[in-house]
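Below: one structure, written as structure tokens.
Throughout, a chain's letter reflects where its sequence line sits, starting with A, and its residues are numbered from 1.
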There are 2 protein chains.
Amino acid sequence: MSLRHALLALLEAEPMSGYSLARFFEQSVAYVWHAPHSQIYPELRRMHEAGLISGRSEARGTHATKTIYTLTKEGRAELARWVEEVTPSQRERDAGYLKASYLEYASFASARKQFEAHRAHHEEQRRRWEAHVRNLENRDTDLLRIRLAQNAELADAVVAYKVHVYHGLIDRAKHEVRWATAGLKLVDELEAGFRAGKKAAPRKRRTG
Amino acid sequence: MSLRHALLALLEAEPMSGYSLARFFEQSVAYVWHAPHSQIYPELRRMHEAGLISGRSEARGTHATKTIYTLTKEGRAELARWVEEVTPSQRERDAGYLKASYLEYASFASARKQFEAHRAHHEEQRRRWEAHVRNLENRDTDLLRIRLAQNAELADAVVAYKVHVYHGLIDRAKHEVRWATAGLKLVDELEAGFRAGKKAAPRKRRTG
DNA sequence: GACTGCATGTAACGAGTTACATGATTGG
DNA sequence: CCAATCATGTAACTCGTTACATGCAGTC
């Protein structure tokens, strides 16, 4: 239940409403674990039912109200339990690599497009993460300021683990870019081989 | 719908029963896309209803029967459509990295255990993929033999794309091992800093 | 005749996606 | 007063996990 624990971790920094939670989520954990608001609201309700968070109503403008959620003792304990526990690794499930292993069914043009899209995606991710890690290193994100103000003792660890994570993601993105680039080269080679084979032996098909 | 297309790709090589499909799946695509048999059987039923595969009964022993599934024209077309199409990348969702970014809540001992487990997992994955890629390079897997016998013209591409995928996975696993190793070093440094800080200024807590 | 592996499923639940829906506030 | 954006959800659906269930076939 990663979503639940990500939310607990955010609320540990500061009590907030569902909406600001969703906004902070988008600016921090979503870089590692994406979740839309349609998943966050019901999860908050379930966490409330489970006693992990408590909610209090607060005025919003003149007519409306919003609920501010706060970690309970149980919520704090659950967060602690989760970080202590070793979670078994996720099973492999990579749609891009899966399709790449069957690209022999695709045209060369389409195979190229796939590798190009893969490369573009990971270049973009890399840029995003690099920008984010700079903010972390400068201790210049809203959440970080709140957390560091509260806990000067842990400040180094708070920043260091996150920086380590983002460096890991950046390296991974670089790897994906290299992989996609090598894939493009492979397509070129296969196409060259295919053309050469066709010219040399136009009907070399045999099933022996 | 990656599962569906992975199954189509397997059936393209040879008609088979749900069980042998599940076995071949486990020995090939599962390295990239895991799925248990409890997901495969119902998906086959749905694919049959959708007209992508056809089934014929065959004797199994003296009393029982099994269903052998074959790709239909529609199934073949759907497979072709899928490989041609550029699938948007999956949203980021990595439970290990998520937890790693909140390891400041964990004990140093537990943080170490997590990185060690991460490293062990990816070392094991790497070994599995390396063994598999050797078989691919030697063209020595059951499925490959079937597919290469059918289509000598595409043989190079069939092997080359898969080898490219597994090399990518192996490099990625190496990256994860390096990342976890660096994580262990980081824990050591943080712990050393923590001890030093404690000795030098046993109650340096401040919230300014 | 008991055990192991082959073979095929169902059921209940939890997680995630996409689309829809509604109303309040704030700034121009 | 109109648009943007704040704010909070629901609904329907698909996908994936875990556990349970059943019976045949070959072999020791």
Side-chain angles (χ1 to χ4, degrees), chain A residues 1-8 15-27 29-30 32-50 52-53 55-69 82 87-95 98 142, chain B residues 1-7 15-27 29-30 32-50 52-53 55-69 82 87-95 98:
Chain A
M1 289 194 188
S2 291
L3 174 58
R4 171 165 295 195
H5 295 103
L7 294 172
L8 288 174
M16 24 182 162
S17 69
Y19 184 80
S20 31
L21 211 32
R23 248 188 320 126
F24 275 117
F25 195 95
E26 198 55 32
Q27 292 163 26
V29 280
V32 178
W33 189 276
H34 164 79
H37 76 271
S38 66
Q39 219 183 335
I40 292 175
Y41 285 111
E43 183 62 28
L44 284 171
R45 188 176 43 72
R46 282 189 292 266
M47 287 161 74
H48 190 234
E49 282 162 14
L52 300 173
I53 56 179
R56 96 189 113 80
S57 268
E58 199 170 88
R60 168 162 83 87
T62 39
H63 302 323
T65 59
K66 57 181 167 181
T67 308
I68 307 291
Y69 293 106
W82 173 68
T87 310
S89 291
Q90 290 160 99
R91 308 303 304 257
E92 212 58 42
R93 201 165 269 147
D94 189 309
L98 173 66
D142 294 338
Chain B
M1 291 195 186
S2 292
L3 175 58
R4 172 166 294 194
H5 296 104
L7 293 172
M16 19 179 168
S17 68
Y19 184 80
S20 32
L21 210 32
R23 250 188 319 127
F24 275 118
F25 195 94
E26 197 55 32
Q27 292 162 24
V29 279
V32 178
W33 189 276
H34 163 80
H37 75 270
S38 66
Q39 221 184 332
I40 293 175
Y41 286 111
E43 184 60 30
L44 284 171
R45 188 175 43 72
R46 283 189 292 268
M47 288 163 74
H48 190 234
E49 283 161 15
L52 300 173
I53 56 180
R56 95 190 113 80
S57 268
E58 200 169 88
R60 167 164 83 86
T62 38
H63 301 325
T65 59
K66 57 181 167 181
T67 308
I68 307 291
Y69 293 105
W82 173 68
T87 309
S89 290
Q90 291 160 98
R91 308 304 303 257
E92 212 57 41
R93 201 164 266 149
D94 188 308
L98 173 64

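Between Arg45(B) atom CZ and dA11(C) atom C1' the separation is 13 Å, expressed in whole Å. In this structure, the CG atom of Leu44(B) is 10 Å from the P atom of dT8(C), given to the nearest Å. Distance CD (Glu26(B)) to C1' (dA7(C)): 15 Å, rounded to an integer number of Å. One can place NE2 of His5(A) at 14 Å from C1' of dA15(C), the figure rounded to the nearest angstrom. Rounded to whole Å, atom P of dA21(C) lies 19 Å from atom OH of Tyr41(A). Remark: P of dA11(C) and CD of Gln39(B) are 17 Å apart, rounded to the nearest angstrom. Taking atom NZ of Lys66(A) as the reference point, atom C1' of dA24(C) lies 12 Å away to the nearest angstrom. Put simply, CD on Glu43(A) is 17 Å from P on dC13(C), counting in whole angstrom units.
Summarising the geometry, atom CH2 belonging to Trp33(B) is positioned 13.0 Å from atom CZ belonging to Arg91(A); distances are rounded to the nearest 0.5 Å. Note that CD of Gln90(A) and CZ of Arg93(B) are 9.5 Å apart. Values are rounded to the nearest 0.5 Å. Within the model, atoms CD1 of Ile53(B) and CG of Leu7(B) stand 8.0 Å from one another, a figure rounded to the nearest 0.5 Å.
Remark: the backbone N or O of Ser20(A) is paired with a side-chain donor or acceptor of Ser17(A) at under 3.5 angstrom.
Using a 4.0 Å heavy-atom cutoff across all strands shown, Ser38(B) reaches at least one base atom of the nucleic acid. Using a 4.0 Å heavy-atom criterion, one finds that Arg93(A) contacts the sugar-phosphate atoms exclusively.
Salt-bridge annotation for Arg45(A) and Glu43(A): absent, with no side-chain N of the basic residue lying under 4.0 Å from a carboxylate O of the acidic one.
Between Tyr19(B) and dT8(C) there is no side-chain N or O to OP1 or OP2 distance below 4.0 Å.
Nucleotides of DNA chain D lying under 4.0 Å from heavy atoms of chain A occupy a range whose first and last members, 5' to 3', are dC6(D) to dT17(D).
More than 12 heavy atoms of other residues, nucleotides or ligands lie within 6.0 Å of CZ in Arg46(A), so this atom counts as buried by the packing criterion.
Two residues are said to be in side-chain contact when any heavy atoms from C-beta on lie closer than 4.5 Å; Tyr19(A) and Lys66(A) fail this criterion.
Each of Arg91(B) and Ser20(B) lies near DNA chain C, and the nucleotide nearest Ser20(B) is the one positioned closer to the 5' end.
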